[in-house]
Amino acid sequence: MMNRTAFIKFRGTNSFLLHSLSSFQFSTHKASLHSNVSSLIHKITNLNDAMKLFDEMSHRQPLPSVVKFNQLLTAVTKIKHFSSSLDLFKQMCAIGVPVDKYSMSIAIKCCCQLYRTKDGFAVLGCCFRRSIAPDEFIYSALLDGLVLEDKILEAEMLFKKLVKQKLCEPNVVMYNTMIKGLCKFGNNVIAVALLRLMEQKNCQPSIVTYSTIIDSLCKDKLIDDAFKLFKEMLFEKRILPDVITYTSLIRGLCKFGRWDEASKMLKEMEDENISPNVKTFTALVDAFCKEGKIEEAEAVINIMIERGEAPDIVTYNSLIDGYCLRGEMIKAREIFDSMTLRGLVPNVVTYSSLLNGYCKNRNIEEAMQMIRQMTGQGLKPNVVTYNTMLQGLFQVGRCVAARRLFNEMHAQGRIPDRCTYRILLEGLCKNRQVEEALSLFHLVGDSKLNSDIVVYNILINGAGKYGKVDIAKNLFHDLIDKGLQPDVHTYTVMISGFCREGLLAEARSSFLKMEESGCPPNNVTYSVFLQGCLKNKHYDDVEMLLQEMDHRGYSLDATTLSLFIDHIATGLLDRSMLELLGKLVPKELLNDPSLCDWE
DNA sequence: CTAGGGTTAG
């Protein structure tokens, strides 16, 4: 190894000497760095090293070949520093490196990954001007960019144009990108059709093709279809699944509570010598947390640590969210702190979960403190964060503060989404400002926001609660006119509104309409209707309703049960009803002492 | 020296 002085002497040129002296970390490490640029590029793991190397390269006389620069850009792109990579590309142009097709394709890819596909097309224009013929890599990057920006129609147009004008024959990667786009919008059927088309065109689908569609099917709860495709891939195409394919299937199974099958899959993958990785474990952690099974989630984390897989930010976020959902904020904070100690930096998702937890616990002060902490760390609240906070403020009745926050959200350039809108409407209704909610609704008018059954459910519920049954009825007709499909909630809030006004006949006819419309009542509907019957001393249907509930395997909630008990205690209902009621007591209430003194 | 698939929050 050369020492520092020897190296400087060896290099000789002034500019390099000055540069080296100004660089604090100069050492033998850099000497070897010079001797073989390629091997150094290979070892690039952080942006800083890459930038230094670029600087060093650009000061050389003569300049290293464009290939070396491309290699460096590739490395920077691989660590996802797209905008730095673009900067370097511009510098290459500026210092006169003769950029080629590779450089161009990297630049285009970076634009696209930065959600600047438009700029990507501008660079494509440069290609034409410099008579660099774009290849499948370049078109593929552009397609991916369009899909990334949800411009699926434009992607489709580009794809078709490539075929029609014979600009390039779509290959498996391009098909996969198109399939990803279709899946992103839930077009599973068309995605499969495209898979068939590529087979027809003799472009063999790959494991990526199958995994993309399998994942999408799992997300849409079509697990059995996913397995059909999985078997096709395995037995007809003889393509072996990998950890990604397994993880998608396992996530799908867990998410829908099919734990036994999930553990069978886990075993199967281990038998195939495919080890679960962080994402596989995190899928398990997340599903357990969402079901409130935090102990199991913690156990998974312990297993993964034992097996040498470090939980990452997503793993911890799932766990934190699990504790927040259970309202165990002290535990959530503990995980948050331990995560920070492990050097993991909390992100917007972490904070949003905590915020949600505090809001649900009606601890607005802590939530506000959390927002301050997150902005203090340079994180900008996003729509989800604002929505969470808005909901929290409305929940504790702080409508003015909510409005102020809504204005701030606007000022910060965050565009309210359909959830924001629902939260505003619900918040206003819950705080006795139904008129305000309705005028907001009318202000929004015929926009897509109002073609939402949930919006109608909120307003009908709001109107019904404040004795405006006529408005509720109008809203119901309005939604039918729009071609929207009423759901269980819609009928239930209508029934609730009718009952509140003592309009039992109308409640009854809505209830009966549910079954006809293929939207059978659930246990909430039964409870609401039964409470309405009892409160209005309208006992004709009660026994029949209870029997139906029993047949459907539903149970009564605590409120409805205690109302029944009151009615029996005061002699309004006959004690013979007790036997039937006993069958409808939910298991978790059986040990409740308050319900022991029935007899 | 380039390309495509799986994770978290309202």
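Numbers restart at 1 for each chain; the letters A, B, ... are given by sequence-line order, proteins then strands.
Counting only heavy atoms from C-beta on, A/Ile244 has its side chain closest to B/dG5 among B/dT8, B/dC1, B/dG5. Listed nucleotides: B/dT8, B/dA9, B/dG6. Nearest to the side chain of A/Ser352: B/dA9. In the set B/dA3, B/dT7, B/dG6, the nucleotide with an atom closest to the side chain of A/Thr280 is B/dG6. Checking B/dT7, B/dT8, B/dA3 against every side-chain atom of A/Ser318, the shortest atom distance belongs to B/dT8. For A/Asp100, counting side-chain heavy atoms from C-beta on, the closest listed nucleotide (B/dC1, B/dG6, B/dT8) is B/dC1. Comparing atom distances between the A/Asp135 side chain and each of B/dG4, B/dG6, B/dT2 picks out B/dT2 as nearest. Comparing B/dA3, B/dT8, B/dT7 by their nearest atom to the side chain of A/Asn171 picks out B/dA3. Residue A/Lys180 has its side chain nearest to B/dG5 when only B/dA3, B/dT2, B/dG5 are considered. Considering only the side chain of A/Asp312, B/dT7 comes nearest among B/dG6, B/dT7, B/dC1. The side chain of A/Val172 lies closest to B/dG4 when the candidates are B/dG4, B/dT8, B/dT7.
Within 4.0 Å (heavy atoms only), A/Ser353 reaches sugar-phosphate atoms of the nucleic acid but no base atom. Across all strands shown, A/Thr212 has heavy atoms under 4.0 Å from sugar-phosphate atoms exclusively, and none from any base. Using a 4.0 Å heavy-atom distance criterion, A/Val383 is classed as a base contact. A/Ser211 comes within contact range of at least one nucleobase, with a heavy-atom separation under 4.0 Å. In this structure, A/Lys109 reaches the sugar-phosphate backbone alone: every heavy-atom distance under 4.0 Å involves primed, P, OP1 or OP2 atoms, never a base. Using a 4.0 Å heavy-atom distance criterion, A/Leu354 is classed as making no nucleic acid contact. Counting any heavy atom pair closer than 4.0 Å across all strands shown, A/Thr245 reaches a base atom. Nucleic acid contact for A/Thr315: none, since no nucleic acid atom lies under 4.0 Å from a heavy atom of the residue. Backbone-only engagement by A/Lys219 is indicated by non-hydrogen atom pairs under 4.0 Å involving sugar-phosphate atoms exclusively. At the heavy-atom level, A/Val278 lies nowhere under 4.0 Å from the strands shown. Contacts of A/Lys279 with the nucleic acid, taken as non-hydrogen atoms under 4.0 Å apart, include base atoms.
In this structure, the side chain of A/Thr340 engages the main chain of A/Phe336 through a donor-acceptor pair within 3.5 Å.
The line from CG of A/Leu229 to CG of A/Asp215 is 12.0 Å long, rounded to the nearest 0.5 Å. Between the CZ atom in A/Arg251 and the CZ atom in A/Phe256 there is a gap of 11.5 Å [rounded to 0.5 Å].
Between A/Phe406 and A/His410, the ring planes are tilted. Angles from 30° to 60° get that label.
In this structure, A/Met265 atom CE and B/dG6 atom P are separated by 17 Å, rounded to whole Å. To the nearest angstrom, P of B/dG6 lies 14 Å from NZ of A/Lys255. Rounded to whole Å, the distance from CZ on A/Phe281 to P on B/dG6 is 20 Å. The CD atom of A/Gln391 sits 12 Å away from the C1' atom of B/dA9 (whole-angstrom rounding). A straight line from CG of A/Leu284 to P of B/dG6 spans 18 Å, rounded to a whole angstrom. Atom CG of A/Leu142 is separated from atom P of B/dG4 by 13 Å (rounded to the nearest Å). Spacing between atom CD1 of A/Ile313 and atom P of B/dT8 amounts to 14 Å, rounded to whole angstrom units. At whole-Å resolution of the value, CG in A/Leu182 and P in B/dG4 are 18 Å apart.
Aromatic rings of A/Phe159 and A/Tyr139 (six-membered ring for Trp) have centroids beyond the 6.0 Å cut-off, not under it.
Listed by chain and number, the residues in a side chain to side chain donor-acceptor pair (under 3.5 Å) with A/Glu169 amount to none (sequence neighbours excluded).
Dashed line: the shortest gap from a side-chain N or O of A/Lys290 to OP1 or OP2 of B/dA9 is under 4.0 Å.
Side-chain to base pairing of A/Asp242 with B/dG6: no donor and acceptor N or O lie closer than 3.5 Å to each other. Side-chain atoms of A/Asn176 stay outside donor-acceptor range of the base of B/dA3, with no qualifying N/O pair under 3.5 Å.
Contact check for A/Asp135 versus A/Cys168: no side-chain heavy atoms found under the 4.5 Å cut-off.
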